[in-house]
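Following: one structure in structure tokens, then a few remarks.
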Amino acid sequence: MNIVEVIQDQVIKGVKTLYGADVAPEQAVVSPTRKEFEGNYTVVVFPFTRAAKKKPEMIGEELGAYLVQEVPELESFNVIKGFLNLVVADTYWAQLVDDIYEQTNYGLQPRNGRKVMVEFSSPNTNKPLHLGHIRNILLGWSAYKILDAVGYDVVRVQIVNDRGIAICKSMLAWQRFADGATPGSTDTKSDHFVGDYYVRFEKEFRAEYEAWQETAAAEKVYEAEKKEELSKAAFFKAYKDKYFNQYSELGGAAKEMLRKWEANDPATRTLWERMNQWVYDGFNETYEKLGVTFDRLYYESQTYLLGKQLVDKGMDSGTFYKKEDGSVWADLEDAKLDHKTILRSDGTSLYVTQDLGTAHQRYEDFGVEKMIYVVADEQNYHFQVLFEILKRLEEPYADGLYHLSYGMVDLPSGRMKSREGTVVDADDLVAEVIEEARLNSAERDTTADLSEDQRQDIIRKIALAALKFFIIKVHPKKRMVFDPKESVDLRGQTGPYIQNAYVRIQSVIRNAGQFDLVAASSYTGLNDEERELTQLLFGFPQLIQTAANEMDPSHIAAFCYDMAKAYHKFYHEHSILSAESEAARAFRLKLSMAVSNTLRTGMDLLGIEMPERM
RNA sequence: GGCUCCGUAGCUCAACUGGAUAGAGCACCUGACUACGGAUCAGGAGGUUUAAGGUUCGAAUCCUUACGGAGUCACCA
């Protein structure tokens with residue numbers, strides 16, 4: 001039991017002893033004392049006024065005396081209004097630092113033997129990755145790291161959407177317009193190469209559509225279907241999908257390609273495999289740059305037929321029902337989710353069907369008890385439906401399903417729109433932040449003695465820290481504004497600010513040379529900055545647990561920033577190597593090492609690497 | 001329109017889940033290296049937490065209502 005738990009426990013006992021009342025643990029609030037007051041932890045006594053029938057000040061005095069009596073680590077207390085501030089003895093903090101300063105795994109829990117899965121990224125194979133994928137990937141990776149930190153074995157997966165009309169558009173455009181060009185022959189990153197043909201298709205299609213609008217056939221359609229309130233331009237804008245399906249030559253050809261693909265036509269399959277491979281090669285390059293890997297890939301082309309056996313199961317159990325036209329439905333009205341189609345009337349499956357089957361398949365593959373899906377919040381409804389159905393089907397993992405839903409990423413100019421070409425490409429973005437870090441690095445001579453390779457590696461780490469921290473510090477649920485200019489900032493509340501604190505510590509340790517730390521044990525009278533750092537260190541394991549419970553990496557980001565900030569302040573206020581005594585020097589070195597280890601661990605949970613110098 | 005989510009300093013974000021005088025960064029202004037890394041630190045200015053009610057000893061947080069924004073409501077994914 002740690003000090004906070006001990007205090008809470010004794011508060012409950014104290015209220016019982018002093019006033020004969022029972023209080024629930026959530027009533028016994030123990031929080032860190034605000035900076036402007038003396039003390040380390042504060043107990044709010046207002047909840048006990050009813051039972052005690054006394055003024056809050058009086059309760060504070062009585063409970064404070066009781067706690068100091070019962071808890072040896074508590075040195076003294078003071079009461080301000082209804083707040084009981086408790087002072088923990090320095091020896092307790094000193095002991096904590098002594099216990100952890102050499103632990104490189106401080107805060108991490110032992111393996112618990114339980115298995116979970118995190119699904120993230122999950123791109124379509126017709127376009128390169130963009131800023132939205134980056135938020136997804138960072139959240140997914142961090143979720144993996146955090147779950148791993150609290151003891152789970154985590155399987156990282158993604159579902160690759162490798163089939164469908166979109167990839168057929170790229171394939172068709174390549175077939176018609178590429179004249180045999182390849183990523184190699186054009187010196188284009190291979191996923192971008194495929195994406196370019198997707199764009200090409202859309203461009204050709206638009207031209208075709210515009211030309212068609214001038215024809216007599218189009219005029220006839222317009223006259224037949226026009227509505228009073230719609231202008232001609234607006235009508236045709238809304239008519240686009242219908243045109244694609246009914247009249248378009250290109251649309252017809254793309255759909256024909258999809259039919260051939262589904263019929264396993266060898267030539268189509270070969271082209272499909274070739275182009276998808278280009279995309280995968282490109283994705284892998286981007287993943288490598290971002291420092292993420294997967295344990296297992298699921299491909300939609302292999303899973304889109306799964307789920308039909310679950311449909312049978314649902315029919316047998318009455319979870320699903322069949323309409324006269326043969327389509328299969330789930331009635332989720334009592335869960336306020338309406339009726340949902342599970343199978344088309346022609347017996348083919350849908351998005352939900354596929355996800356039902358994939359979930360089941362994953363359980364068979366890995367036996368995981370939890371599945372975390374990192375998917376944008378536009379799919380909230382889909383996941384509610386999916387989870388509800390799996391629960392009704394009594395799938396064994398159904399209670400462990402979690403949709404890590406995150407908000408869209410906006411630009412200062414508004415929403416990213418692929419139509420308007422405002423989508424921020426992932427590779428471009430990474431290149432941009434690296435360039436910015438390079439410029440900043442060039443202004444300094446701190447790494448002048450290192451090799452070019454080492455310098456490039458440091459620049460890469462700084463750049464990615466800036467980018468990743470900028471995104472991960474925001475609460476996942478919230479829609480966020482991504483300002484490219486701010487994302488490359490290296491000062492203030494940023495990743496590099498935290499790296500800088502770490503690098504400073506490495507520098508101090510290097511400059512310390514050979515040192516002996518035994519004198520630390522006789523150090524007393526911690527100053528405010530030392531106590532602040534120590535108390536932060538103390539809270540780290542619980543913080544990770546909280547982040548895991550809430551699936552929220554932004555807590556970790558805030559913590560790392562707070563700790564770096566506290567260290568920078570400490571560093572300015574007190575000399576370490578020229579400390580006033582041997583004991584102070586030794587203690588501060590230990591404290592610095594503990595902070596260094598904790599920062600590295602914390603940032604690793606966000607997928608951010610620490611350079612030794614910068 | 002139904003359901004869900006969001007609204008905090010000029011801007012980007014916090015607030016330990018109902019606790020003390022709502023905190024950081026950016027931008028702006030003023031200071032600090034013959035001290036271990038100035039990618040730093042100290043200070044200033046900036047708020048009726050969209051609005052109005054309610055619950056409570058105590059509300060940015062919970063409950064109504066209004067306003068503003070977003071998402072979603074396919075036999076698409």
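In what follows, every chain begins at residue 1, and chains take the letters A, B, ... in the order their sequences are listed.
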Check: Taking only side-chain nitrogens and oxygens of A:Lys478, does any of them come within less than 4.0 Å of OP1 or OP2 of B:rU12?
Finding: no
Note to self: Output the rounded distance in Å from CG (A:Asp338) to P (B:rG2).
What the structure shows: 15 Å
Next item on the list: Please identify each residue that fulfils salt bridge (Lys or Arg N to Asp or Glu O under 4.0 Å) with A:Arg613, with sequence neighbours left out.
Entry: A:Asp449
Note to self: At 4.0 Å (heavy atoms only), tell me whether A:Val503 reaches a base, stays on the sugar-phosphate, or touches nothing.
What the structure shows: base
Margin query: For a quick check of understanding: with a heavy-atom distance under 4.0 Å over all strands, which category does A:Thr49 fall into, base, sugar-phosphate or nothing?
Written below: nothing
Next item on the list: For B:rG37, take OP1 and OP2 only and decide whether either is under 4.0 Å from a side-chain N or O of A:Asn511.
Entry: yes
Margin query: Taking the C1' atom in each of B:rU50 and B:rA74, what is the distance between them to the nearest angstrom?
Written below: 35 Å
Notebook entry, point to check: When all nucleic acid strands are considered with a 4.0 Å heavy-atom cut-off, which category describes A:Ile576: base, sugar-phosphate, or nothing?
Noted result: base
Check: So what does A:Ile462 touch, heavy atoms closer than 4.0 Å: a base, only the sugar-phosphate, or nothing?
Finding: base
Check: Across all strands, who's sitting opposite B:rG19 as a Watson-Crick or G-U wobble pair, both distances under 3.5 Å?
Finding: B:rC57
Next item on the list: Calculate the interatomic distance between A:His339 atom NE2 and B:rU72 atom P; express it in whole Å.
Entry: 23 Å
Checklist line | Side chain of A:Phe83 - closest among B:rC76, B:rG37, B:rA20 | finding: B:rA20
Margin query: Pairing check on B:rC28: which nucleotide meets the Watson-Crick or G-U wobble criteria with it, both distances under 3.5 Å?
Written below: B:rG44
Notebook entry, point to check: Crowded around A:Lys322 NZ? As in, over 12 foreign heavy atoms under 6.0 Å?
Noted result: no
Note to self: For a quick check of understanding: with a heavy-atom distance under 4.0 Å over all strands, which category does A:Ser578 fall into, base, sugar-phosphate or nothing?
What the structure shows: nothing
Next item on the list: For A:Glu300, answer base if it contacts any base atom (sugar-phosphate contacts may also be present), sugar-phosphate if it contacts only those atoms, and nothing otherwise; contact means non-hydrogen atoms under 4.0 Å.
Entry: sugar-phosphate
Check: Using a cut-off of less than 4.0 Å, is there contact between a side-chain N or O of A:Arg415 and OP1 or OP2 of B:rA70?
Finding: no
Next item on the list: Quick one: label A:Asn549 by what it contacts on the DNA or RNA (base, sugar-phosphate, nothing), any heavy atom closer than 4.0 Å.
Entry: nothing
Next item on the list: Using a 4.5 Å cut-off on heavy atoms from C-beta on, say whether the side chain of A:Ile342 contacts that of A:Ile389.
Entry: yes
Next item on the list: Could you say whether the aromatic ring of A:Tyr571 and the base of B:rC36 stack, counting only centre distances under 5.5 Å and plane angles under 30°?
Entry: yes
Note to self: Less than 4.0 angstrom between a side-chain N/O of A:Lys473 and OP1 or OP2 of B:rG25, yes or no?
What the structure shows: no
Notebook entry, point to check: Which listed nucleotide (B:rC36, B:rC41, B:rA74) is nearest to the side chain of A:Lys565?
Noted result: B:rC41
Check: Which one is paired to B:rC67, where only Watson-Crick or G-U wobble pairs with both distances under 3.5 angstrom count?
Finding: B:rG7
Next item on the list: Return the nearest nucleotide to the side chain of A:Pro47; candidates are B:rG19, B:rA24, B:rC36.
Entry: B:rG19
Note to self: Of the options B:rC57, B:rU40, B:rA39, whose atoms approach the side-chain atoms of A:Arg50 most closely?
What the structure shows: B:rC57
Notebook entry, point to check: Using a cut-off of 4.0 Å on non-hydrogen atoms, how would the nucleic acid contact of A:Asp483 be classed: base, sugar-phosphate, or nothing?
Noted result: nothing
Check: Watson-Crick or G-U wobble partner for B:rU49, using a 3.5 Å limit on both distances?
Finding: none
Notebook entry, point to check: Does CZ belonging to A:Arg491 count more than 12 external heavy atoms closer than 6.0 Å?
Noted result: no
Check: Under a 4.5 Å cut-off applied to non-hydrogen side-chain atoms, are A:Phe538 and A:Ile3 in contact?
Finding: yes
Next item on the list: Output yes when at least one side-chain N/O atom of A:Lys477 is less than 4.0 Å from OP1 or OP2 of B:rC6, else no.
Entry: yes
Item checked: Candidate nucleotides B:rA14, B:rA74, B:rU40, ranked by approach to the side chain of A:Arg491 - the nearest -> B:rU40
Next item on the list: Identify which nucleotide among B:rC6, B:rA39, B:rU21 has an atom closest to any side-chain atom of A:Lys81, counting heavy atoms from C-beta outward.
Entry: B:rU21
Notebook entry, point to check: Between atom NZ in A:Lys240 and atom C1' in B:rC76, what is the gap in whole Å?
Noted result: 16 Å
Check: When you measure from the side chain of A:Tyr381, which nucleotide among B:rU72, B:rA15, B:rA39 comes out closest?
Finding: B:rU72
Notebook entry, point to check: For B:rA42, does either OP1 or OP2 sit under 4.0 Å from a side-chain N or O belonging to A:Lys569?
Noted result: yes
Note to self: Between P on B:rC16 and NZ on A:Lys35, what's the gap in Å once rounded to a whole number?
What the structure shows: 16 Å
Checklist line | Closest to side chain of A:Tyr351, choosing from B:rA24, B:rA77, B:rU17 | finding: B:rA77
Check: Whole Å only: how far is the CG atom of A:Asp410 from the C1' atom of B:rC11?
Finding: 15 Å
Note to self: Between A:Gln545 and A:Val150, is there a side-chain heavy-atom distance shorter than 4.5 Å?
What the structure shows: yes
Item checked: Nearest-nucleotide 5' precedence on RNA chain B, A:Glu612 against A:Asp346 -> A:Glu612
Checklist line | Whole-Å distance separating the CD atom of A:Glu486 from the P atom of B:rA24 | finding: 18 Å
Notebook entry, point to check: Which part of the nucleic acid does A:His574 contact within heavy-atom distance under 4.0 Å: base, sugar-phosphate only, or nothing?
Noted result: base
Next item on the list: Using atom CZ of A:Phe37 as one end and atom C1' of B:rG19 as the other, report the distance to the nearest whole Å.
Entry: 11 Å
Check: Under 4.5 Å between any side-chain heavy atoms of A:Tyr497 and A:Gln493, yes or no?
Finding: no
Margin query: So if I take every side-chain heavy atom of A:Arg444 and compare against B:rG37, B:rA39, B:rU72, which nucleotide ends up nearest?
Written below: B:rA39
Next item on the list: Select base, sugar-phosphate, or nothing to describe what A:Val474 touches, counting heavy atoms under 4.0 Å on all strands.
Entry: sugar-phosphate
Next item on the list: Take the protein atom CZ of A:Arg34 and the nucleotide atom C1' of B:rG58, then report the distance between them rounded to whole Å.
Entry: 14 Å
Note to self: Looking at B:rA39 and A:Tyr497: do their rings stack (centroid distance under 5.5 Å, interplanar angle under 30°)?
What the structure shows: no
Notebook entry, point to check: Paired with B:rA39 by Watson-Crick or G-U wobble geometry, both distances under 3.5 Å: which nucleotide is it?
Noted result: none
Note to self: So if I take every side-chain heavy atom of A:Arg504 and compare against B:rC36, B:rU40, B:rU17, which nucleotide ends up nearest?
What the structure shows: B:rU40
Checklist line | Pairing partner of B:rG2 (Watson-Crick or G-U wobble, both distances under 3.5 Å) | finding: B:rU72
Check: Which part of the nucleic acid, if any, lies within reach of A:Met408 when heavy atoms closer than 4.0 Å are counted: base, sugar-phosphate only, or nothing?
Finding: nothing
Check: If we only count heavy atoms from C-beta on, is the A:Leu131 to A:Phe482 side-chain gap below 4.5 Å?
Finding: yes
